[in-house]
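To start, the structure under review is shown below, and the notes come after it.
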Amino acid sequence: MDFMGKKLGDIVVTLPYADGTSIDCGVYSYFEINNKKYFALLPLKGEKELDYSKSYMLYEVEEDEEGNPIVMYIEDDMEYNIAAQYFVNKIKKQNK
């Protein structure tokens, strides 16, 4: 699966924490709901191996003018719940 011409396995997202540390994540899945795009992320083990022992993280995603993904925290609880339900019911089951 691709995101705007980029292979999902090649996308690394660095998520910053409030304490100044960060975590590198890979994209497990990409999906769209109601004209919004979402990534399901997993932390990485090593450079590009997804760590399936960790929890999935859902983020809204847009692209910048160069086609690079910009991940954004989903602030609305209802929107997050809709994305989470879609992910669990459709995407995660398809990838098993």
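Since this is a predicted model, take the numbers as computed values, not measurements.
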| said: Using 0.5 Å steps for rounding, measure from the OH atom of Tyr73 to the OH atom of Tyr59. | reply: 7.5 Å

| task | Report the residues that fulfil salt bridge (Lys or Arg N to Asp or Glu O under 4.0 Å) with Lys54, sequence neighbours left out, ordered by chain and then residue number. | result | none

| request: Would you please name every residue forming a side chain to side chain contact (heavy atoms under 4.5 Å, CB included) with Gln85, sequence neighbours left out? | output: Asn89

| Side chains of Val88 and Tyr56: does their closest heavy-atom pair fall under 4.5 Å? | no

| request: Kindly write out the residues that satisfy side chain to side chain contact (heavy atoms under 4.5 Å, CB included) with Asn35, not counting sequence neighbours, or none if the list is empty. | output: none

| note | Taken in chain and number order and not counting sequence neighbours, the residues that satisfy side chain to side chain contact (heavy atoms under 4.5 Å, CB included) with Asn34 are none

| task | With sequence neighbours excluded, tell me which residues meet side chain to side chain contact (heavy atoms under 4.5 Å, CB included) with Leu44. | result | Val12, Asp24, Leu50

| message | Less than 4.5 Å apart, side chain to side chain, heavy atoms only: is that true for Thr14 and Ile23? | response | no

| task | Rounded to the nearest 0.5 Å, what's the gap from CD1 on Ile11 to SG on Cys25? Could you check? | result | 12.5 Å

| query | Shortest non-hydrogen contact from Ser55 to Pro43? | reply | O-CD, 4.0 Å

| field | Qualifying salt bridge (charged side-chain N to carboxylate O under 4.0 Å, His left out) pairs with a residue from residues 42-51, counting only residues at least two apart or across chains | value | Asp10-Lys48, Lys45-Glu49

| task | Side-chain contact test, heavy atoms from C-beta onward, threshold under 4.5 Å: evaluate it for Tyr38 versus Ile74 and give yes or no. | result | yes

| query | To the nearest 0.5 Å, what is the distance between CZ (Phe31) and CZ (Phe39)? | reply | 10.5 Å

| task | Report yes if some heavy atom in the side chain of Leu41 is under 4.5 Å from a heavy atom in the side chain of Leu15; otherwise report no. | result | yes

| request: Kindly write out the residues that satisfy side chain to side chain donor-acceptor pair (under 3.5 Å) with Thr21, not counting sequence neighbours, or none if the list is empty. | output: Asp19

| request: Grab the two heavy atoms, one from Ala83 and one from Ile33, that are nearest each other, plus how far apart they are. | output: CA-CD1, 3.7 Å

| said: Nearest 0.5 Å, please: how far is CD in Glu79 from CD in Glu60? | reply: 5.0 Å

| field | Pairwise distance CD1(Ile70) to CD(Glu65) - rounded to 0.5 angstrom | value | 7.0 Å

